[in-house]
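For reference, the structure is listed below as structure tokens.
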2 protein chains.
Amino acid sequence: MRKQDITIYDVAREAKVSMATVSRVVNGNTNVRKDTKDRVMEVIKRLHYQPNAVAQGLASKRTTTVGLIVPDLTNLYFAELSKGIDDIALLYKYNIIITSIENQLMKEDQAIQGLLNKQVDGVIYMADNLPNEAAEAFKRTDTPVVLAGTKDRHKEFPSVSIDYQKADTEAFNLFYNDGRKNLALVLDNPDTFVNAENRIPAYKNFLKKNNLGPEHIYTNIKDHSDGYNLFSQLQDDHIDGVLVTRDVAAVGILNSAIDAGKNIPKDMEIVTASATQIASVVRPAITAVRQPLYDIGAVAMRMLTKLMSNEEVANMQIELPYELLKKQSTSNE
Amino acid sequence: MRKQDITIYDVAREAKVSMATVSRVVNGNTNVRKDTKDRVMEVIKRLHYQPNAVAQGLASKRTTTVGLIVPDLTNLYFAELSKGIDDIALLYKYNIIITSIENQLMKEDQAIQGLLNKQVDGVIYMADNLPNEAAEAFKRTDTPVVLAGTKDRHKEFPSVSIDYQKADTEAFNLFYNDGRKNLALVLDNPDTFVNAENRIPAYKNFLKKNNLGPEHIYTNIKDHSDGYNLFSQLQDDHIDGVLVTRDVAAVGILNSAIDAGKNIPKDMEIVTASATQIASVVRPAITAVRQPLYDIGAVAMRMLTKLMSNEEVANMQIELPYELLKKQSTSNE
DNA sequence: CTGAAAGCGCTAACAC
DNA sequence: GTGTTAGCGCTTTCAG
């Protein structure tokens with residue numbers, strides 16, 4: 001194994017110091033005289049010495065690695081969150097171990113345990129739901145956790161997200177002000193905390209408050225074809241304004257409407273509750289609650305760095321501002 | 001640190017065996033009598049023992065971790081490749097450390113070195129280019145590498161991809177058969193091996209062979225707005241058939257054309273050389289060279305598992321079949 | 001089939 | 001400032 005060729009010991013011998021001293025200069029410890037430091041540095045350079053991070057991790061109990069738990073890499077929602085996380089991680093010199101849990105082979109708590117076994121210094125959890133077993137797994141450890149782009153029911157864990165209830169209400173208001181009275185809510189997974197406790201209540205409250213009805217909640221609409229197939233149902237139910245959690249599903253509805261010769265937004269207004277690149281690239285572009293996904297990821301990672309170094313974190317439940325970005329899928333007057 | 005509570009030593013003491021024996025049952029070594037094995041297992045379960053992967057890594061020199069080098073997580077091209085990699089990695093119980101190199105802060109060779117320091121057992125490289133320093137970094141080590149969705153100039157490294165030159169030629173042929181004579185090639189980075197040595201030659205050869213001209217190669221067209229802004233130029237140059245490397249850029253061209261009141265495909269045919277979800281979700285849908293991205297990732301990862309366990313790999317330069325998927329952005333007759 | 005013991009490469013007291 | 005010396009938690013010969 002060439003890759004393991006030279007160790008801290010080789011450097012020490014070559015520079016005629018102890019390995020402790022080499023360790024000190026490698027770790028930027030100031031208690032080293034300038035000329036010995038220079039000498040060691042020279043040897044390090046000459047021998048192309050690179051510290052073995054695994055050995056460092058075992059000895060120091062810090063791996064400078066954080067774990068990421070993400071449902072689906074090909075969902076741009078998570079990809080954009082991840083990008084914010086990644087940039088801040090780079091800044092603070094953390095590596096990222098990514099664990100995707102979309103396939104049922106890997107359950108949330110297994111994913112967590114796997115990461116913990118790797119001795120990650122912290123983890124960022126992005127799945128839209130936090131099952132009890134997963135929460136328990138986190139609570140068994142001292143490894144800090146931050147939820148990004150989601151929240152947990154009991155506010156047990158630090159999180160970075162937006163005010164989903166408020167955002168959705170704003171979207172319904174937009175429909176209402178455009179004269180739409182037969183509103184629908186299209187969800188991916190109805191059982192997540194965010195959907196069950198934020199989006200559905202926002203919808204029900206809005207209907208009640210404005211004397212609208214009946215309720216139309218469609219569930220398990222996750223991808224383009226789900227949305228595409230749902231459209232005829234929406235038509236049968238005379239929906240004229242629909243809020244869709246996933247933008248790719250919203251695009252499915254949109255395309256189905258177009259293919260059926262309907263006019264969007266005239267026949268039906270569409271808003272998505274989480275916009276990625278896709279929402280803005282289709283025509284008509286889809287009005288969206290623009291969540292600051294990159295920032296959510298970045299803030300979550302920054303919070304995690306603080307937690308990992310035992311710094312004070314004033315606010316453990318951060319809500320970032322969002323924006324209701326009006327595009328062509330709602331009337332523009 | 002609760003997370004470090006119980007070690008192999010605790011299990012050994014509790015089960016009244018040596019740690020060597022515990023290690024054997026943890027690692028599925030057969031040389032353990034059934035009843036001692038059962039006893040150890042029982043203790044492991046009762047104590048919730050979880051092996052420390054870092055210590056395992058240091059002692060065994062295998063971390064069951066592979067590194068992924070990827071330019072941009074939010075580019076669906078890489079996300080879809082990653083998904084294939086991830087699924088196979090899960091199957092073979094490898095974790096994934098992901099390193100994104102899009103920001104100039106992290107250069108290719110630094111990314112590689114960082115991964116090597118973490119003692120990854122192998123790496124998959126997905127960047128569209130392999131600079132010399134990066135190739136050197138790989139060659140200094142015994143850690144196996146596989147290129148996924150790209151190739152290197154000198155075929156020094158195992159790779160999984162498609163025949164780009166053949167695919168592009170097919171696309172140009174499609175234009176030609178539709179009567180289009182003023183063809184253009186729209187590239188992201190013109191200096192990558194794939195672009196410089198496969199796509200550009202394919203284009204030039206096609207023009208020459210069919211007595212077409214002049215050449216129209218547009219470069220550095222990477223995202224939607226690049227494509228959007230390019231359209232007027234394409235018009236000025238009377239382009240009637242354009243092959244675009246990135247599908248999101250192709251969508252930009254498409255949207256710009258629509259906004260300008262043009263008809264696609266009548267006024268201009270558009271084909272993208274690498275299709276993600278985005279190409280099929282816009283209207284008109286974009287005709288595309290459908291690369292089997294998931295499969296490329298999966299095959300690359302599978303190849304890497306073989307390399308990591310020193311198995312024979314018959315073919316180090318794999319080219320998977322692609323498909324020219326005709327949609328609405330080319331005439332359908 | 002099982003145990004003893006020597007590391008893996010590095011960090012972190014603790015001395016001097 | 002610098003060296004000595006224990007480990008970190010596990011794997012892996014080598015005996016028996």
Side-chain angles (χ1 to χ4, degrees), chain A residues 1-41 43-44 47-65 116-121 141-142, chain B residues 1-41 43-44 47-65 116-121 141-142:
Chain A
M1 296 275 243
R2 251 183 305 164
K3 70 172 164 181
Q4 213 48 355
D5 256 351
I6 53 133
T7 72
I8 200 173
Y9 183 73
D10 300 316
V11 176
R13 183 164 28 69
E14 190 75 10
K16 301 193 195 312
V17 294
S18 72
M19 33 189 299
T21 299
V22 177
S23 176
R24 285 188 187 101
V25 348
V26 166
N27 293 296
N29 189 315
T30 47
N31 285 33
V32 183
R33 217 195 310 146
K34 173 107 175 48
D35 59 317
T36 60
K37 178 178 168 181
D38 289 346
R39 186 152 38 95
V40 171
M41 294 276 259
V43 176
I44 287 178
L47 265 44
H48 296 293
Y49 168 69
Q50 295 284 145
N52 178 325
V54 175
Q56 288 179 316
L58 184 58
S60 70
K61 308 229 168 253
R62 299 190 65 252
T63 54
T64 59
T65 301
L116 261 22
N117 294 349
K118 289 277 185 182
Q119 307 292 110
V120 295
D121 297 334
T141 168
D142 290 339
Chain B
M1 295 277 241
R2 249 183 307 164
K3 70 172 164 182
Q4 214 46 358
D5 254 351
I6 52 133
T7 73
I8 200 173
Y9 184 74
D10 300 315
V11 176
R13 185 165 26 70
E14 190 75 11
K16 301 193 194 312
V17 294
S18 72
M19 32 189 297
T21 300
V22 178
S23 176
R24 285 187 188 101
V25 348
V26 167
N27 293 296
N29 189 315
T30 47
N31 285 35
V32 183
R33 218 195 310 146
K34 173 111 175 44
D35 59 317
T36 60
K37 178 178 168 180
D38 290 346
R39 187 153 37 93
V40 171
M41 293 278 257
V43 176
I44 286 178
L47 266 43
H48 296 292
Y49 167 69
Q50 296 284 144
N52 178 324
V54 175
Q56 287 180 316
L58 184 58
S60 70
K61 308 234 169 247
R62 299 190 65 253
T63 55
T64 59
T65 302
L116 262 21
N117 294 350
K118 290 277 184 183
Q119 307 291 113
V120 295
D121 297 334
T141 168
D142 290 339

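The chains referred to below are lettered A, B, ... by the order of the sequence lines, with proteins before strands, and numbering in each begins at 1. Just so it is clear, the model here is predicted, and its values are computed rather than measured.
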Phosphate-side-chain proximity, [X] and [N], N/O vs OP1/OP2 below 4.0 Å:
{"X": "A:Ser23", "N": "C:dA12", "answer": "no"}
{"X": "B:Asn52", "N": "D:dC8", "answer": "no"}
{"X": "B:Asn31", "N": "C:dT2", "answer": "no"}
{"X": "A:Lys61", "N": "C:dC10", "answer": "no"}
{"X": "A:Ser18", "N": "D:dG3", "answer": "yes"}

So if I take every side-chain heavy atom of [X] and compare against [options], which nucleotide ends up nearest?
{"X": "B:Leu58", "options": "D:dT2, D:dG9, D:dT11", "result": "D:dG9"}
{"X": "A:Arg24", "options": "D:dG9, C:dC14, D:dC10", "result": "C:dC14"}
{"X": "B:Met19", "options": "C:dC8, D:dT11, C:dT2", "result": "D:dT11"}
{"X": "A:Ala55", "options": "D:dG9, D:dC14, C:dG9", "result": "C:dG9"}
{"X": "B:Ala59", "options": "C:dG3, D:dT2, D:dT11", "result": "D:dT11"}
{"X": "B:Thr7", "options": "D:dC14, D:dC8, D:dG9", "result": "D:dG9"}
{"X": "A:Ser60", "options": "D:dT12, C:dT11, D:dT2", "result": "C:dT11"}

Between B:Lys34 and A:Tyr49, who's closer to the 5' end of DNA chain C by nearest nucleotide?
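Between the two, 5'-proximity favours B:Lys34.
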Return the value, rounded to whole Å, for the distance between atom [atom1] of [X] and atom [atom2] of [N].
{"X": "A:Gln56", "N": "C:dG9", "atom1": "CD", "atom2": "P", "value": "13 Å"}
{"X": "B:Lys37", "N": "C:dT2", "atom1": "NZ", "atom2": "C1'", "value": "16 Å"}
{"X": "B:Ile8", "N": "D:dT12", "atom1": "CD1", "atom2": "P", "value": "11 Å"}
{"X": "A:Tyr9", "N": "C:dT11", "atom1": "OH", "atom2": "P", "value": "17 Å"}
{"X": "A:Arg39", "N": "D:dG3", "atom1": "CZ", "atom2": "C1'", "value": "13 Å"}
{"X": "A:Asp10", "N": "C:dG9", "atom1": "CG", "atom2": "C1'", "value": "10 Å"}
{"X": "B:Asn117", "N": "C:dC10", "atom1": "CG", "atom2": "C1'", "value": "13 Å"}
{"X": "B:Gln119", "N": "C:dC8", "atom1": "CD", "atom2": "P", "value": "13 Å"}

Looking at every heavy atom in both B:Ala55 and A:Leu58, which two are closest together, and how far apart are they?
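Heavy-atom minimum between the residues: CB-CD1, 3.7 Å.
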Ignoring hydrogens, what is the shortest heavy-atom contact between A:Met19 and A:Ile8? Give both atom names and the distance.
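For A:Met19 versus A:Ile8, the nearest heavy atoms are O-CD1, 3.7 Å.
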Is A:Arg39 salt-bridged to A:Asp35, going by a charged N under 4.0 Å from an acidic O?
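Answer for the salt bridge query: no.
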Approximate separation, where rounding is to 0.5 Å, of B:Ile6 CD1 and B:Glu14 CD:
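So the CD1 of B:Ile6 and the CD of B:Glu14 are separated by 10.0 Å.
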Working to the nearest 0.5 angstrom, can you tell me the gap between A:Lys118 NZ and B:Gln56 CD?
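Result: 8.5 Å between the selected atoms.
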Pick base, sugar-phosphate or nothing for A:Val17, based on heavy-atom distances below 4.0 Å to the nucleic acid.
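Sugar-phosphate, no base atom in range.
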Just checking A:Val26: base, sugar-phosphate only, or nothing, at a heavy-atom cut-off of under 4.0 Å?
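It contacts nothing in the nucleic acid.
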Are the side chain of B:Lys61 and the backbone N or O of B:Gln119 linked by a donor-acceptor pair below 3.5 Å?
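No; zero donor-acceptor contacts below 3.5 Å.
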